[in-house]
Amino acid sequence: MSAPARDNLTSKNIVAFLADIFERRGGEEYLGEPVTMAEHMLQGAHLAEQQGEAEAIIVATLLHDIGHFTSEFGTFSMNDTKDKYHEVAGGRVLERFFPSIVTDCVRQHVAAKRYICATDPDYFGQLSEASIHSLKLQGGPMSAAEVAEFEKQPNLREIVRVRHLDDAGKVAGMATPGFEHYMPMLQRVVDAHCGAAGG
Ligand code: FE
């Protein structure tokens, strides 16, 4: 089956489109981490499912870095001197098909790292070396004013949860189900958002 074209996406082919991205691009290195991009996202989703999280959290974790594959700004490198806003690109790709609880978690997963660094004294010590490097490019821990602003978001709890799952999904050799395991769940979330009749 050929993959749907990017400019012809509907609620009926978006899941196949995402599967195709994982298939073709998922083997790429997650720079600075001991896992590929697909392994990283599948590990986070698997941990979320094992911990009994809601489908929106599992789906958001599975797709949080999808912007690395769609961003015109390219992919992260340890040599980067500027951040490349993959979280914004990811949110943009998903917003037609997924509810805001999912897209907020995707859009805010970088800001969430800056937020948790400012509010949880133990968190910085749990970050990977690559994540600490990108934290600097992303502006470092939030200021008190930024924390207060960030806490106004309706999906704050979910955003923080997805960020912790993101950080946990960086384990060399962890066995997880493949992307196909999550396709029925993805379709359920899309259908609930778009209406089962699609569009
Ligand atoms: Fe990530």
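As the structure is a computational prediction, the values presented were derived from the model and not from experiment. Starting from 1, each residue takes its place in the sequence as its number. Order of appearance sets the numbers: ligands from 1, and atoms from 1 within every ligand.
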Among the N/O/S atoms of D65, select the one at the shortest distance from the Fe ion (ligand 1) and name it.
->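 Closest to the Fe ion (ligand 1) among those atoms: OD2.
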TODO: With the Fe ion (ligand 1) as the reference point, give the N/O/S atom of D166 that is nearest.
DONE: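 Going through the N, O and S atoms of D166 one by one, OD1 ends up nearest to the Fe ion (ligand 1).
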Checklist entry - Looking from the Fe ion (ligand 1), what is the angle between NE2 on H40 and NE2 on H64, to the nearest 10°? => result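 Here the angle at the metal atom is close to 90°, to 10°.
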Inspect the contact between E39 and K170 and indicate whether a charged nitrogen and a carboxylate oxygen are less than 4.0 angstrom apart.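 No, this pair does not count.
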_M41 vs T61, test: side-chain contact (heavy atoms from CB on, under 4.5 Å). Steps then yes/no._
CA-CA 6 Å; M41 294 196 277; T61 307; over 6 Å; no
Original post:
Just wondering, do Q51 and R161 contact through their side chains at under 4.5 Å, heavy atoms?
Top reply: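 Answer yes - side chains close enough.
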Open item on the list: For the residue pair D104 / Q108, report whether a side-chain donor-acceptor contact shorter than 3.5 Å exists.
Closed with: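 No - no donor-acceptor pair under 3.5 Å links their side chains.
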